Amino acid sequence: MTLIQELESRLAAALTTTLGEPATAAVTAAADLRFGDYQTNAAMVLAKQRKTNPRALAQEIIGNLDLADLATADIAGPGFVNFRILPAAWEARVAALIRDDRLGVPDTGAGRTVVVDFSAPNVAKPMHVGHIRSTIIGDSLARIARFLGYNVIADNHIGDWGTQFGMIIYGWNHFLDDAALTANPIAELVRIYRQTNAAAKDDPAVLEACKAELVKLQSGDPTNLAIWEKCIEVSKDGLQKIYDRLDVKFDHWLGESFYNDRLAGLVDEFVEKGLARESAGAICVFSGGEIPRESDPFMVHREEGWMDNPAIIRKADGGFLYATTDLATIQYRIEGWRADRIWYVVGVPQQLHFRQLFDAARRWGKEADFEHVGFGSILGDDRKLMRTRTGENVGLVEVLEEAVERAARVIAEKSPDLQSDEAAEIAEIVGIGAVKFAELSQNRLTDYVFSWDRMLALHGDTAPYLQYSHVRIRSIFRKLHAPFDAAAAEIHLDSAAEIHLARLLVRFGEVVPAVIEDFRPNLLANYVLELARAFHSFFEACPVLKSDEPVRSSRLALCEITSRTLGKALDLLGIRVPERM
RNA sequence: GCGCCCGUAGCUCAGUUGGAUAGAGCAUCCGCCUUCUAAGCGGAAUGUCACUGGUUCGAACCCAGUCGGGCGCACCA
């Protein structure tokens, strides 16, 4: 049980006594440490309902509150009840954390399967900065869900079956440079695509030829299929290299092509069941009618504007669209993988698509907890969306390269005595960590203007600050001559710095589940910054190795649990830590 | 036109879903390495939370309107 749950349970008992009927109320971490460690506004909320005096009610609640050896409570302001955790209770909590492999984090996801759909780049195109958010946020959510006990299936739904393949195949047949393909496959695919695109603009005959190649591919022509497969293969190799650098892993890469042969039947089924109908030659699903599920939240919002728009699942020319593929994907994930939850980490501009998609899936009878985990856009200097088409987009590889270079420069300055290969490895870990943390520490819904300095900062609230704090802890243990058994140590927290560190360590188990509740990795990012700050303060204020027993062992144990918690938090964010830096 | 989102310190951003004197980092200023890694620590300064009204014990947060910005709305994904 987390400390909050413990307090809430005791508060619930006091409320029930006070009110004469079962009641519960939320306890939150105090907004300001001057007010205590935790607080509740239960008295004010309940007094409002009952039209009584909040402070008097708070006094009555406190009178019925049995906090025993856990905390003290007092009333402040308009009727807040503030809890101050007793030092002995902190000590007991920290001691319990040291013996807990889960570091206080409950396994709230146990027994449930979640599919996390993220990254999803198009093949035959390089990843650009626009892919950063989905890839990094999605990976972090997958890691956190896994730690919470979910059976997580990370699925990279790559765009491997678009209309762009007409042009790529034409380009492959007319412009391909085999040597260039070997040297840098994706660059060569992009080149032939661009060259074909330009040629098609000048010459309608080329455009027709491209369309013909696409039709051949879709009808299963062996030659074009072979070219397509080769394109997919080299693209996947290129993508995998980036994912390896980012330390991002997928359980599956089921792209659009995987669902290709299910689409025709799916559309037929929708038409037969009356879920879709023809409109202007296209087959559409119209939202807004009766939804066969009374509890459906959208029932309440039937008038909303989004329902006026149809979701097209088959074009007038007979072709299928991504809504069709996405429906087939949902069916596969629910029926094949038994998914209870499906999370789509996709930009917020696609909100309408996902509303329509989830609505259509529910009408179809596919039930799961669907979540569109949207994120804001990355803007150019003009505050407009960065567009792939205009070509001014910054490549993801370039961002990583620049980050690692900048990190290398700092290492050369700060740690000139490191071996060059070790320095290079640290630069990789630090540079890429900085990029990831810049993304994860921000509210995912906020748009931001792309800035090298913002994304690649190495000082202040950044990954290197966190990595450095971990390195500092480990440096203490490197000085130790014998192994240290933290579980055997008695915990005594004397100074303010130690208490504050304990306060944050205990909070880890409260923060991690909260991240998944709202899909906000930045809560964990902000938490880990606070934890690192608390450690740095402790490190400056409290000598560890130079202290006498029993303080020395207690502080060593505190360092050990901080190291584990910090390490785990960074792992959940997908940020690696170097041995030294 | 309809819908969604945003506007917080000089800059970049948080703000635990309605709580107490609105917080971090960067930049600026002052102090701290003979002591476990100074990529650090301690301190100072910084605000018309776009604007107007409303809801209530209490609003950056909820409601209405105004101004400014971004995005989405029929066969791309």
Side-chain angles (χ1 to χ4, degrees), chain A residues 28-32 34-35 39 41 44-45 47-48 53-54 76-80 82 120 122 159 161-164 256 279-284 304-317 319-323 325-326 346-353 355 374 376-377 379 383-385 407 410-411 413-415 430 438 441-443 445-449 451 453-454 457-462 464-465 467-469 471-480 510-511 514 518 520 522-523 525-527 529-530 533 536-537 539-547 555 559 580-581:
Chain A
T28 58
D32 191 317
R34 280 169 303 186
F35 304 131
Q39 62 181 216
N41 56 16
M44 290 182 291
V45 174
K48 188 172 192 171
N53 183 309
F80 290 101
N82 292 328
N122 285 321
W161 196 253
T163 46
Q164 76 269 28
E256 293 166 347
S279 169
I283 304 295
C284 307
E304 269 187 36
W306 69 269
M307 290 198 166
D308 300 334
N309 299 301
I312 298 173
I313 58 174
R314 195 173 78 197
K315 298 193 281 184
D317 69 5
F320 304 109
L321 297 99
Y322 76 145
T325 312
D326 280 353
V346 180
V348 84
Q350 298 205 38
Q351 188 189 64
L352 176 61
H353 166 70
R355 284 184 161 189
S377 306
L379 310 174
R383 287 208 65 86
K384 300 257 187 194
L385 208 62
V410 176
I411 291 164
E413 179 199 332
K414 303 280 185 187
S415 313
V430 168
S441 59
Q442 185 160 13
N443 186 318
L445 289 167
T446 312
D447 293 348
Y448 66 84
V449 175
S451 145
D453 288 341
R454 193 197 84 89
L458 300 170
H459 298 280
D461 286 352
T462 63
Y465 176 79
Q467 291 163 326
Y468 179 63
S469 62
V471 166
R472 260 183 146 182
I473 304 178
R474 298 321 306 171
S475 77
I476 293 173
F477 289 96
R478 263 201 302 278
K479 294 267 191 312
L480 237 42
E510 295 158 7
V511 169
D518 292 320
R520 287 170 50 177
N522 71 311
L523 291 180
N526 294 342
Y527 163 80
L529 278 173
E530 271 195 88
R533 259 194 280 277
H536 282 303
S537 298
F539 185 89
E540 304 271 345
C542 306
V544 177
L545 296 176
K546 289 176 184 64
S547 297
R555 287 183 176 171
C559 287
R580 60 194 78 209
M581 61 192 284

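Every chain is numbered from 1 and lettered A, B, ... according to where its sequence line falls, protein lines coming before strand lines. Computed from a predicted model, the values in this text were never measured in an experiment. Note: hydrogens, waters and symmetry copies are ignored here, and every other heavy atom, side chains too, is used.
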Undergrad: Just compare B/C36, B/A74, B/G25 and give me whichever is closest to any side-chain atom of A/L545.
TA: B/C36
Undergrad: B/A20 base stacked by A/F80? Criteria: ring centres under 5.5 Å, plane angle under 30°.
TA: yes
Undergrad: Just by distance, do the side chain of A/N82 and the backbone of A/F35 share a donor-acceptor pair under 3.5 Å?
TA: yes
Undergrad: Once hydrogens and angles are ignored, does a donor-acceptor distance under 3.5 Å link the base of B/A77 to the side chain of A/T325?
TA: no
Undergrad: Would you say the side-chain atoms of A/R555 and A/S547 include a donor-acceptor pair closer than 3.5 Å?
TA: yes
Undergrad: Rounded to the nearest 0.5 Å, what separation is found between the CD1 atom of A/I473 and the SG atom of A/C559?
TA: 6.5 Å
Undergrad: Please give the stem ranges for RNA chain B, sorted by first residue number, where a stem is three or more consecutive Watson-Crick or G-U pairs and both donor-acceptor distances are under 3.5 Å.
TA: B:1-7 with B:67-73, B:10-13 with B:23-26, B:28-32 with B:40-44, B:50-54 with B:62-66
Undergrad: Do you know the tightest heavy-atom contact between A/G376 and A/D447?
TA: CA-OD1, 3.2 Å
Undergrad: Should A/Y468 be counted as stacked on B/G40, where stacking needs a ring-centre gap under 5.5 Å and an angle between planes under 30 degrees?
TA: no
Undergrad: Taking protein heavy atoms under 4.0 Å as touching, what does nucleotides 6-18 of chain B look like 5' to 3' if B marks base contact, S marks sugar-phosphate-only contact and - marks none?
TA: ------SSSSBB-
Undergrad: Might you point out which heavy atoms bring A/A323 and A/I313 nearest each other, and give the distance in Å?
TA: CB-CG2, 4.4 Å
Undergrad: Whole angstroms only, please: what is the CG-C1' distance between A/N53 and B/C57?
TA: 10 Å
Undergrad: Out of curiosity, A/T462 OG1 to A/R454 CZ, how far, rounded to the nearest 0.5 Å?
TA: 12.5 Å
Undergrad: Over 60° means perpendicular and under 30° means parallel, so classify the ring planes of A/Y468 and A/H536, tilted if in between.
TA: parallel
Undergrad: Measuring to OP1 and OP2 of B/G40, would you say a side-chain N or O of A/K414 lies under 4.0 angstrom away?
TA: no
